[in-house]
Amino acid sequence: MNIWLCGFMGCGKTTVGGILAERLNRRFIDTDDYITQKTGMTIPLIFSSKGEAFFRERESASIKELAEERGMIIACGGGAMLKKENAEAAKQSGVIIYIDADFEECYSRIENDENRPIVTSNTKEALHEIYLSRVLLYRENSSLTVSGQGTPEDIAERINLNEQNIIIGA
């Protein structure tokens, strides 16, 4: 069974996923890194040369590929749950855990990140609107919501403590 981490940009999916994978002795994959490796292009280059629609297609294809394997911790991009097909593929191979972090905390981590085309092309207010629209999808598609408050180790521990309950309930 895979554990898929979802949440807004900057909520800690990649950092928490790495910690969790180490604790559970599982392979860790960040879907953005996976797409970069598969395409040979950075995310900003994909957005500028191919467009967001191309990126979202690659994201969906990557999620389907990763869903065929088991036993991994996978950090999804912030927009991965925008497509129902992505959420369904993830659910069929495991559980989706939403890291619920406050917008201001996320924004403080991403505001100057040049590798995030959605951030560089939007105002703080527009990003807040995106955040609000995505929170509903994260909650709707996840099996568990964990607080994004505290250190990445704290968040990983909350997920680890809930893992058995998720597996039993899944």
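In this structure the side chain of Leu24 reaches within 4.5 angstrom of the side chain of Ile3, judged on heavy atoms. In this structure the side chain of Lys50 never reaches within 4.5 angstrom of the side chain of Phe55, judged on heavy atoms. Under the 4.5 Å side-chain criterion, counting only non-hydrogen atoms from C-beta, Asn122 is in contact with Ile130. For the pair Glu65/Tyr34, a side-chain contact is recorded, criterion being any heavy-atom separation below 4.5 Å from C-beta on. Ile35 has its side chain within reach of Ile46: a pair of non-hydrogen atoms, C-beta onward, lies under 4.5 Å apart. Residues Asn2 and Ile73 fail the side-chain proximity criterion, which asks for heavy atoms closer than 4.5 Å. Counting only heavy atoms from C-beta outward, the side chains of Trp4 and Ser93 approach each other to under 4.5 Å. Within the 4.5 Å cutoff, no side-chain heavy atoms of Thr145 are placed close to those of Tyr138.
Hydrophobic clustering (ILVMFWY, side-chain heavy atoms < 4.5 Å, transitive): Leu5 and Phe103 are in distinct clusters. Leu82 and Phe54 are not part of a single hydrophobic cluster, where members link through side-chain heavy atoms under 4.5 Å apart. Met72 and Ile159 fall into different hydrophobic clusters, defined by Ile, Leu, Val, Met, Phe, Trp and Tyr side-chain heavy atoms under 4.5 Å apart, directly or through other members. The cluster map of Ile, Leu, Val, Met, Phe, Trp and Tyr, joined by side-chain heavy atoms under 4.5 Å apart, puts Ile97 and Leu137 in different clusters. The hydrophobic cluster containing Ile63 also contains Tyr98, counting ILVMFWY residues as joined when their side-chain heavy atoms lie under 4.5 angstrom apart, directly or transitively.
For Arg70 (side chain) and Ala67 (main-chain N/O), a donor-acceptor pair under 3.5 Å exists by modelled atom type. The main-chain N or O of Ala156 is never found under 3.5 Å from a side-chain atom of Asn160 such that the two would form a donor-acceptor pair.
When all heavy atoms are compared, the tightest approach of Asp102 to Glu104 is OD2-N, 3.0 Å. When all heavy atoms of Ile155 and Ser147 are compared, the closest pair comes out as CG1-O, 3.7 Å. Pro117 and Ile43 make their closest contact through CD-CG2, 3.9 Å (heavy atoms, listed as atom of the first residue, atom of the second, distance).
Taken from CD1 in Ile110 to NZ in Lys124, the straight-line distance is 10.5 Å, to the nearest 0.5 Å. For the atom pair CZ (Phe47) and OG1 (Thr120), the distance works out to 9.0 Å, reported to the nearest 0.5 Å. Once rounded to the nearest 0.5 Å, the distance linking CD1 of Ile99 with CG of Leu144 reads 10.0 Å. Distance check: Ser142 OG to Met81 CE gives 9.0 Å after rounding to the nearest 0.5 Å. Between the CD atom in Gln92 and the NZ atom in Lys64 there is a gap of 10.5 Å [rounded to 0.5 Å].
Listed by chain and number, the residues in a ring-ring contact (aromatic ring centres under 6.0 Å, His included) with Phe28 amount to none (sequence neighbours excluded). Listed by chain and number, the residues in a side chain to side chain contact (heavy atoms under 4.5 Å, CB included) with Lys83 are Arg56, Ser60, Glu85, Asn86 (sequence neighbours excluded). For the salt bridge (charged side-chain N to carboxylate O under 4.0 Å, His left out) test, no residue two or more places apart in sequence or in another chain qualifies with Glu68.
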Can I get a per-line list of side-chain donor-acceptor pairs under 3.5 Å for residues 6-22, giving both atom names and the distance, sequence neighbours left out?
{"unit_1": "Lys13", "atom_1": "NZ", "unit_2": "Gly7", "atom_2": "O", "d": "2.9"}
{"unit_1": "Lys13", "atom_1": "NZ", "unit_2": "Phe8", "atom_2": "O", "d": "3.2"}
{"unit_1": "Thr14", "atom_1": "OG1", "unit_2": "Asp30", "atom_2": "OD2", "d": "2.4"}

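Sorted by first and then second residue, the pairs that involve residues 128-142 and meet salt bridge (charged side-chain N to carboxylate O under 4.0 Å, His left out), not counting sequence neighbours, are Asp100-Arg139. The stretch residues 106-119 participates, sequence neighbours left out, in these salt bridge (charged side-chain N to carboxylate O under 4.0 Å, His left out) pairs: Glu105-Arg109, Asp113-Arg116.
In summary, the side chains of Asp154 and Thr151 do present a donor paired with an acceptor at a separation below 3.5 Å, with no hydrogens or angles considered.
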